[in-house]
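Report on the following structure.
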Amino acid sequence: MGDKMITRKLSSNQKDMDVTEIDLQDYKDVDSIAFYQVPTNLGSGMSMESERLVRVHACTDQNGVNFLHKLLHRLLEHKMYSNVVNLLFHGIEWQTEGVQLLCSFLGPGSSVKQVEFQKNVFGTKSSAALVPLSEMIQRNNTIKAIVFSECSIGASGAKLLASALANNRSVEEVQLLDDSIGAKGAEELSKMIEVNCVLKLLVILDNISIAAAPIFSAVLARSRRVEVHVWGRCHDTRGGMNSCKIAEFQAGTGSLRIYNNINSTGLQRIACAMAWNTTVTTLDMSGVSLKSKWTKELRGVLERNRMLKTVKLTKCCLRDKAVVYIAAGLFKNSYLESLSLDGNRFGGVGLEHLLCPLSTFSPLQRQANLTLKVLSFGGQQTNIGRYGITAILQMLETNQSLLQLAICDDVNPWIEEINLHETPLHVAGKTREIYEKLGQNGSSVVPNDLLDLPLSAPTCCQVFLCGQELSGKSTLCSSIKHCTNSMKLPRMDEIRTSKTPIEQMSHANENGMNIIFDGNTKLTMCNLGGPEESIALHDFMFVVHGGPRIFMIVSSLIGKLADKYPKSIVLIEQELIYWLKFIVSNSRRRVWHSFIPCVTIVLTHYDKVSHLAEGLQLIVATVQRLREDFCSYAEIYPTVFVVDSRSQVSVSKLTHHLRKTTKTVLQQAPQVYEVCNDLVKYLHNWRLKNDKSVVKWSEFCEICQLSIPVLRLRSRHDNVEKLDTRRRAVAKSLHDLGEIIFFEELGVLIMNCEWFRQDILSQLGALKSIKIENSGFVRKQDLEKILQEKLCNQIQRSNWRAGASLQSGDIINMLLKLELCYEQDPGNPNTLLLVPAMLEESKEGTQRWQLTMPECRYAGRHMECEDTHMFLTDDFFPRLQVRLHNKIMCPGSQQGAVYNLEKNLIYTVIDGVHVRVELGMKLGSSIDVLACSTRNVTDMVRLLHKSVITTILNLSPGMTFKENIIRPDCVKYLIPQRFRTTQLLPVKKIKQILLSLPAESIYVYQHTWSAVENNKRAILMSGLDHARDLLSDDDFHDVLHRRYYDLQHLATELAVTPDNLQQSETIAESDAVDPSILGIAKGVEMVLQRLKRIEQGIQDLKEEIARLRYYEYHLVTELHRKMDYVMNYSIQLEDRKVPQLFYLVSLDSHSKKLVTRILPGMRSLRVHMLCEFRQEMHVLEDQVGCDLIQVDNRAVQSLLPYMSKFMKLLTFALKIGAHFIVGMGEMIPDLSREVVHLLDSSVMYGATTSALSLGALGAAAMYGKARNNGSQSGANDMGEDMKTARQWLVDFLKGQGILTGMDIAQRFGLWRIRYRDDGHIAWICRKHMVARADEIFELPL
């Protein structure tokens, strides 16, 4: 159809004409129509803006004929609107006839889904003109979205609209923008929300903020799942009015965020509505000044609401009285998990009340709140005081629920170093966060003389369009820019061109940065993606800049522009995942500007694809799945925008979303110097006027002196140093905002970042004419010559004149500063340069080590990104190549060192150790570090960590890596990376394996490697390596220290008070330890004495392991004696008619899992029993067992004490490698964590902190400390606990029809025996009866 244009312009003497001359058949495939009212002198007409969008320019001619009315008549008569789904009316002055025609057009048979009115006038009395439109909306069942923008419908119009929507069951989206519906209009909308359950999105931009409270209270009170955004007007720092977000509710995530400008009455109304709400899970009121009356209402919310999980009240001016109300609510709350109160003004009294429900003050008391997991408080205005410190200590000693406690702004800034080696924090691997926090103390503090610069919210934002080549990003950017400035209508002669206006603008701006000014807000559109470049310029933009930013992932619905077949869902998902990882990876790199990026997904080329309804549903489902997967990393907007990039109407909703999201991001961003906002617009105009993109520092100072009063030197008495410091601070702030690139050391400022990226840095990949010297170096003079030619030779599409003051030497200095190249001989003007971006793949065949000696040893580490939502960006390895060179080859280092580079490879020699650093495969998230030397493994691993791995970690501060051991044979023979994936062993895993082994097996343990094959051809045979050869001595010592820590913990569990310890150092092996509390105390003394000697240090690994084995032996002996005591304490009471040791397994999945928690209502359990042969207890694999259909309260009360003792004994045995219950295997979960939950669950039955909650070993220690009770009393209480569990087992077996010993033998495979030496009775398996027949005799069943 092309750009067919039909226009009509009447002269003064021309008669009235009809629109029958327009052939509507030419527009049969149109799905969008945009009506614009234009002046009479421009004439009326129609044009095809794209294949599916028609633009109508309507006016009333000199004879009073309205083109819009005539066209609507024509469309109604010929029924040529069956495919139209979108209508846009801009600047239309409606009359009664026009409104009636529009209602008829939208009547029965219409397929219109969206109607948008922009700057329309509905007569002198809005209510009268909107009455027929309201009646039509009430009857219509096809319209999904209605938008009124700057139409001045007022409160009366809002009332009519609300009455229509109250009965409508199709409209899902309503937007009232730049209007003033007032309090009355808001109340009418709230009544509509109470009865309308179809609405999904409501956006209001009102001139006053009172509209927020009624609407949100209705949404919350009725638990409507409708997304609500309310905007209002607020005063800026200069007395002007700007639009700002009042509040928002994201129904998809259950997040309610209130920003400001709601009065106290409105806030209380919203709080009251939340009491029984079921849709809000997160309440964020950070920065809102709250009174104690509001927190009194919040108390009721905490007491009644069962869905609220997170409450954020940061910087809300809360005082002691307000916190007391919150604490009162916590007493009755059992659902809240996170509470943030930092930045408030309460003191020790308020803190004491706050921590009260999280603490206990006597052994008989139950903690009031057991669900709160995260708590934060503190800040500069919080005065914790003596009472607060006491409350914190009490809470830390007795709390059973908190997992994270944050006391903000409470780190001593003068502490520079702290030693946490071998502490429990070090053993648990949690010292890194502390060291990072201490490292931040070294950061520079803003001097006091800079504080007189006023602060305000930033007014500039970067919008990154991420997408593949030919996805329509440039056209989309131009359409958004044109749509933002849509108030300036194009002239008709601009439309009658050979190209559409959007394509023409895209062609004109494709090489420049797209700058959009939306009022006082500046949007910088940056295009990411396109053909693969030799240097990662996109990532460079993230490394240099921070500041507010928004991301749009633009994906085409078609594979190729020539095709009209939709792209597969799999390809679209892969593209979305790549860009999401790209965004997250780059955003996490600037940890000091950490934020959750806002991401919007846009699908283009919708006009070129037919029959996409089912495909869109699959795409929406895919996006929803990605939202859930990336919820902690990116805020993905739930609506997917499907647009025609060339159509202004098609991108209008996207443009509106971009404008509002920008204001939200700027409102949440950290404040900047107010003068920076002045400079943003001034420098933009200055650059366009002066046609310069690069200035020296002196020129920038001149700009400040002439045009910026705050940065002006007013007299010779002013402090010049202070002024210069202030100017540099402002320049750095502009640098962080992404407005300029400030090279402070070089004294250069890049005013146009996109120009620098495209026209300067991109030339590095095109420098193919330079003579490459050995090892990839180039002569500095040659590079300067080529760069100078590039600067001088004008490329037609580029604005090289903008960088006229930039010399090739300046570019090289910038590259050095950005770590994009390095000098072989710094300071020498004739030095060679190496630019990693110019390196190419190696053409050599098989790789090999330069060091080949028989006594060489090999070590390798595979550093893999632990988070699957991130990867190493394209600029990472080139910068690593430069940084490692600067670190290893710095002046004063070893002479004659080797440092060779290839693309994705570093080969260097450090202190005689040959090191290879290899980047993982494409889009990978790993780096391999290999070493070859005649030195031992420990020395090589230490050197790799000190020189290479530390540099990798510093270069990617926002990422965490998992360290894996590479099979030494793979390092020796340099097996390619694609075959090494099966030859990796996590360091953490091998340490866990060693910790689970007995002491005698640690030193001799061998890891088995699988074979490496390629097309059924063996590349590397399977093999074995000792753990001591894979780990360094430091890692091995870490394993042993952890074992010592576990042994000390076990000894503490067995220990009694020091007063009861014996003075003798050793206990003879032949001494019999009586199975009682005092007997255990007697055996513990030796353990404690030996553990003290362990702390003094041990010479070598073998000696350490030998001593460790000796200590373990005695601890295991104590465990077995304790187990025997638990089993045989009541031989006289019952003659062991049933087995003693049983356990429960879950049968929910296809595998058995040991049950570690017992709760009422549990189903699908099975009871099994252990073979009880002393010191050789084990599981019977072929045991039938008995099914337990459901667990009742009696079973829980009876089994909980027994499971507490059984689980804790099993945990300690496993920690020291004493697998005295053989056969548990995969049934055993993380018992150390499960035991904590098991012990906590005893509180729900009113148990006190006695033997019941401490377990078998803890019971021994506790009863040993109780001097007044004596050992016999403790044994009796423990016996009562076991008697209760055994009685339940007897009753359970009787209920299953198991009445005799023969029934037990058939069902559990156990027979009753008596030991010949001590007369104890046990139930053992048939194998033990045969193998140990001389030690036992069988009893009758």
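Residue numbers start at 1 and run along the sequence shown.
A donor-acceptor pair shorter than 3.5 Å cannot be found between the side chains of Ser645 and His605. Defined by atom type and a distance below 3.5 Å, a donor-acceptor pair is present between the side-chain atoms of Lys245 and His229. For the residue pair Ser650 and Asp644, no side-chain donor N or O sits within less than 3.5 Å of a side-chain acceptor on the partner.
In this structure, the separation between CG on Leu930 and CG on Leu944 is 8.5 Å, given to the nearest 0.5 Å. The CD1 atom of Ile577 sits 7.5 Å away from the CG atom of Asp629 when rounded to the nearest 0.5 Å. Rounded to the nearest 0.5 angstrom, Ser652 OG and Phe641 CZ are separated by 9.5 Å. Atom NZ of Lys473 is separated from atom OG of Ser478 by 12.5 Å, given to the nearest 0.5 angstrom. From Glu227, atom CD reaches atom CD of Glu172 across 12.5 Å, with rounding to the nearest 0.5 Å. The CZ atom of Phe961 sits 11.0 Å away from atom CG of Asp867, with the distance rounded to the nearest 0.5 Å.
The backbone N or O of Thr253 lies less than 3.5 Å from a partner atom in the side chain of Thr281, making a donor-acceptor pair. Looking only at distances, no side-chain donor or acceptor of Thr981 sits under 3.5 Å from a matching main-chain atom of Gln977. One N or O on the side chain of Gln881 and one on the backbone of Leu905 form a donor-acceptor pair closer than 3.5 Å.
Here the closest heavy-atom approach between residue Ser632 and residue Ile596 is recorded as O-CD1, 4.4 Å. Here the closest heavy-atom approach between residue Pro548 and residue Pro458 is recorded as CG-CG, 3.9 Å. Heavy atoms only, all atoms of each residue included: Glu116 and Gln114 are closest at OE1-NE2, 3.7 Å.
Side-chain atoms of Ile480 and Leu658, non-hydrogen and from C-beta on, do get closer than 4.5 Å to each other. Counting heavy atoms from C-beta outward, Ser1010 and Gln983 have side chains that approach closer than 4.5 Å. Counting heavy atoms from C-beta outward, Thr873 and Asn586 have side chains that approach closer than 4.5 Å. By the 4.5 Å heavy-atom criterion applied to side chains, Glu864 and Asn964 are counted as neighbours. Annotation: side chain of Arg883 is in contact with side chain of Leu955 (closest heavy-atom distance under 4.5 Å). For the pair Ile966/Asp928, a side-chain contact is recorded, criterion being any heavy-atom separation below 4.5 Å from C-beta on. Side-chain atoms of His862 and Glu963, non-hydrogen and from C-beta on, never get closer than 4.5 Å to each other. With a 4.5 Å cut-off on side-chain heavy atoms, Ser585 and Leu872 do not count as touching.
Counting heavy-atom neighbours within 6.0 Å of Lys200 NZ, excluding the residue itself, gives a total of 12 or less. Around atom CD of Glu635, no more than 12 heavy atoms belonging to other residues, nucleotides or ligands sit under 6.0 Å away.
Under the 6.0 Å cut-off for aromatic ring centres, Phe871 and Phe582 do not qualify, their centroids lying 6.0 Å or more apart.
Under a cutoff of 6.0 Å and an axis angle of 45°, Arg627 and Tyr637 do not form a cation-pi pair.
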